[in-house]
Amino acid sequence: MSSERRKPYPFDQIEPKWQAIWEKQQVFHAPNPGEKGFNAAKPKFFILDMFPYPSGAGLHVGHPEGYTATDIVARYKRTRGFNVLHPMGWDAFGLPAEQYAVKSGQHPAVTTRENVAKFKRQLKRIGFSYDWQREINTTDPKYYKWTQWIFLQIYNSWFNPETKRAEPISTYRGTDPDSVRLAYVAEVPVNWCPELGTVLANEEVVDGKSEVGGFPVVRRPMRQWILRITAYAERLIDELDELDWPEGIKLLQRNWIGRSEGAEIDFPVAGIDDPGGQSGYKLRVFTTRPDTLYGGTFLVLAPEHPLVDRIVTEEQWPAVREYRERTARKSELERADLSKEKTGVFTGAYAINPATNQKIPIWIADYVLLGYGTGAIGGVPAHDDRDLEFAKKFGLPVVIVVQPTTDVPAIGFTGEGIAVNSPIINDLTSAEAKKKITAWLEEHGLGKRAINYKLRDWLFSRQRYWGEPFPIVWEDGKHRALDEKELPVVPPALDDYKPTGTGEPPLAKAKEWIRYSVNALRETNTMPQWAGSCWYYLRFCDPRNDERFVGEEAERYWMGGPKPGGVDLYVGGTEHAVLHLLYSRFWHKVLFDLGCISKPEPFQRLVNQGIILGEDNQKMSKSRGNIVNPDDVIDQHGADAFRCYEMFMGPLEQMKPWSMRGVEGVARFLARVWRLLMTENQAGKWELSGRIKNIDPTKAQQKVLHATIKKVTDDIESFSFNTAISQMMIFVNALTNIETIPLSAMRTFLILLNPFAPHIVSELWEQLNAKFVEVRGDITQQTWPPYDERLLAEDEVEVVIQINGKLRDRIKMPIVATEEELKAAALSNQKIQDRIAGKTVRNVIVVPRKLVNIVV
RNA sequence: GCCGAUGUGGCGAAAUGGUAGACGCAACGGACUUAAAAUCCGUUGGGCUGUAACAGGCCCGUGCCGGUUCGAGUCCGGCCAUCGGCACCA
């Protein structure tokens, strides 16, 4: 025996052995319709993991948590007779590889290749049943050719508000198609990070600093590509309803999109030189509370509002200009700082409240945002916290128009109540008042019902090297799409990946590459990392197709089914709850509208895994030094123990700490399974135990076996993998130390365990096959066992006797005992008699097979 | 501030409104062993009581307070704590 600690079972030999067999025989390859080996009689099941960004650090134990869960489901579904699509790939564009290139001069493609190889080796070691023939990489020109192609579809479409669908731009009848394209260019204030030399999306900025690196971020206007996701706001909210996602995630998306119903109301601006007359200008405000219109005592415009220039008086101009400049210098963060006092400046102009016909002052203030609603609000200080604060600070009048129905002060009351001081709607509830006043406004041409969304259009360009180039060229200051025949647009090789520092992307350094023709220059921005992950699940259906982004038949098959979403199961972390899932849904809907794909939604069922903490209960991080590497765990305990522990820790969705001791416990369980079937001979070699015999299981063994089949089946269906493993432990404990082990029970058990611990099961199954010839192929060819309810039932059950709900005794009763019999048995029980002596039995509750509760 | 999730032994956790703590870890005791490791068997929420000892008995206990119910970890109302998201969105 070597000095190294002896392995409880030879996982270090059997795991590589079976992984090699699976690979050689391509056991987990799922053929497409029309391909060799495709079985059209089977239903499909598409199980998707969120594919990783292959970082240099390799996997940590958080990655394989969801991957293990999906692998269990994939292996289970195959035994249930499904064609299972279970692919893996790499989301490999992104900033870390580029920053590494800046430091080392090594091309990002090289680093990416190395990192992918590392990730892949690590994943393979865990024994996941991916169809590696479908592996994809977002940085592969054969892949991003189609990312660029999809961008072209988006660019060449517009959202028709009549049909509420994307349509080819050729169907647009207006004069300026560029103004309605789903991909458009605009000069917008962006988050410019001087340190990274790039613009960042809002979501990449945390507390005024870059998410990557933590560098300061400032606002600066730049020309950017933007995708018109807001056109889909309504559908992105409404079509969540039919998806099987956690309600919390749906809510997160709904809140992010932020739908508000209300009204737009026009306030005529009074004449500037003649305040009694009309200037001809109208100010449109958006409000969710049109019922408070009578309480509107002032208007506030966003400082950047275009009408400010027209209406401001000579006298107020210097103050207004000064305020606007001050606002412009503020970062998004400073502007949004809630703790600061309200600021603002009077424009000198007045508007007419269309309900009261009173003249009210027009102010500008930075708490009103240009990007939301109309960029102007009606100040109703009595019933809006912000307006009240503003009115108090600047001494503006406060008029109560909603009476609370409970005993709270009316000033500052923002809830629903009864309308007062509002002639048209007095005494109505807020809901009724909203309807009536909106109808009245519409009737008089003063306003209309309106819906607004918080969602902003998607800033889609990045000043980076390591991303998809846009298939766009510029000529005479105008953009133009390349023909799809010119795809892929491959980025040029560069010696120097450094940001230019001017905001111009690194691609601008490739002087030859950017010169597309004599008159045309290439777009030098690249797409954000989200682009590749927006549609990768579609490519998995048909990853080698050179004619189309996904073959029509393959798409219809794998994305098919009766529900709106095509992927049957999608597992990943909550960190993508909003952005990735929203962006994907948006692209998917565009492609659906254009008739490119068959389903309106990408992901039918979504499950989030919880994060795994270090042994110290802290988030895993390099600085804390508490990162657990799967390789180390597998070296010590094997891949099967690793997989089982990942699932045994607790509910999948929950956050939970890692424990090496816990891994040992699960490893012991697998070793017990091993020794149930195997014994070590004199020479120290493992061989099949003589205890395994082809005999009928006892009644007790039948019972625990069928209880295990039932529990494991139900638990896999409900994603309760931890309790499935518990039940299998109970089964093994029940069979430990018995003299003969029935072969049939063992075979059934191995099929149950296989999705969780496929290597050890494959080996044991092979050992059984070698001795007992009656069977039927490899473990991967078996079908899932059914269970028999009748075998679960006992003749006798323990029945609890309670007095006033408190446990007092337990008795054995035949399972068939009637309520009357149970009642009689309980009341005649000696302990119970002693306790209820001298008391009146007022009621007896009997739950057959469970309990009797005597109320005295 | 608003929205959401979570709160159960020393620890990870189980419990269709019906025996709280399954299963696992740790700890302790025992068997095997020259010994240790491994393995196997057993004990293990807290308090009180009880016996020579074993047994037995009683009370308390699922973040806190209240409610519904014959019966609440589970349902309802109100708090507290932790985590996550949003945050002047009119």
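Proteins come first, then strands; the chains are lettered A, B, ... in the order of their sequence lines, and each starts at number 1.
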Shortest side-chain distance from A:Gln802, nucleotide among B:C41, B:A90, B:G18: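 The answer is B:G18, which lies nearest to the side chain.
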Below 4.0 angstrom, which residues in residues 846-853 of chain A have at least one non-hydrogen atom near RNA chain B? A:Val847, A:Lys850, A:Leu851, A:Asn853
Spell out protein contact along nucleotides 22-27 of chain B as letters: B when the base is contacted, S when just the sugar-phosphate is, - when no protein heavy atom is under 4.0 Å; keep the 5' to 3' order. BBSSS-
Please list all pairs passing the salt bridge (Lys or Arg N to Asp or Glu O under 4.0 Å) test where one or both residues lie in residues 644-658 of chain A, with sequence neighbours left out.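 Qualifying pairs: A:Glu65-A:Lys656.
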Who passes side chain to side chain contact (heavy atoms under 4.5 Å, CB included) against A:Asn733, sequence neighbours left out?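 In terms of side chain to side chain contact (heavy atoms under 4.5 Å, CB included), with neighbours along the sequence ignored, A:Asn733 is linked to A:Arg672.
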Not counting sequence neighbours, which residues clear side chain to side chain contact (heavy atoms under 4.5 Å, CB included) with A:Pro657? List them please. A:Leu613, A:Asn617
With sequence neighbours excluded, what pairs up with A:Glu615 under the salt bridge (charged side-chain N to carboxylate O under 4.0 Å, His left out) test?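 With sequence neighbours excluded, A:Glu615 shows a salt bridge (charged side-chain N to carboxylate O under 4.0 Å, His left out) to no residue whatsoever.
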If the condition is salt bridge (charged side-chain N to carboxylate O under 4.0 Å, His left out), which residues does A:Glu247 pass it with, not counting sequence neighbours?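 Counting only residues at least two positions away or on another chain, A:Glu247 forms a salt bridge (charged side-chain N to carboxylate O under 4.0 Å, His left out) with A:Lys250.
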Residues which pass side chain to side chain donor-acceptor pair (under 3.5 Å) with [X], listed by chain and number, not counting sequence neighbours:
X        : value
A:Lys393 : A:Glu341
A:Thr708 : A:Gln727
A:Lys711 : A:Asp715

What integer number of Å spans the P atoms of B:G46 and B:C11?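 Taking atom P in both B:G46 and B:C11, they lie 12 Å apart.
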Distance-only donor-acceptor pairs under 3.5 Å for side chains of residues 362-371 of chain A, two or more places apart:
| from | atom 1 | to | atom 2 | distance (Å) |
| --- | --- | --- | --- | --- |
| A:Asp366 | OD2 | A:Lys330 | NZ | 2.9 |
| A:Asp366 | OD2 | A:Lys340 | NZ | 3.3 |
| A:Tyr367 | OH | A:Asp387 | OD1 | 2.8 |

Quick one: label A:Asn737 by what it contacts on the DNA or RNA (base, sugar-phosphate, nothing), any heavy atom closer than 4.0 Å.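 Sugar-phosphate contact only.
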Can you tell me which stems RNA chain B forms, taking runs of 3 or more consecutive Watson-Crick or G-U pairs with both distances under 3.5 Å? B:1-7 with B:80-86, B:10-12 with B:23-25, B:27-31 with B:39-43, B:45-49 with B:56-60, B:63-67 with B:75-79
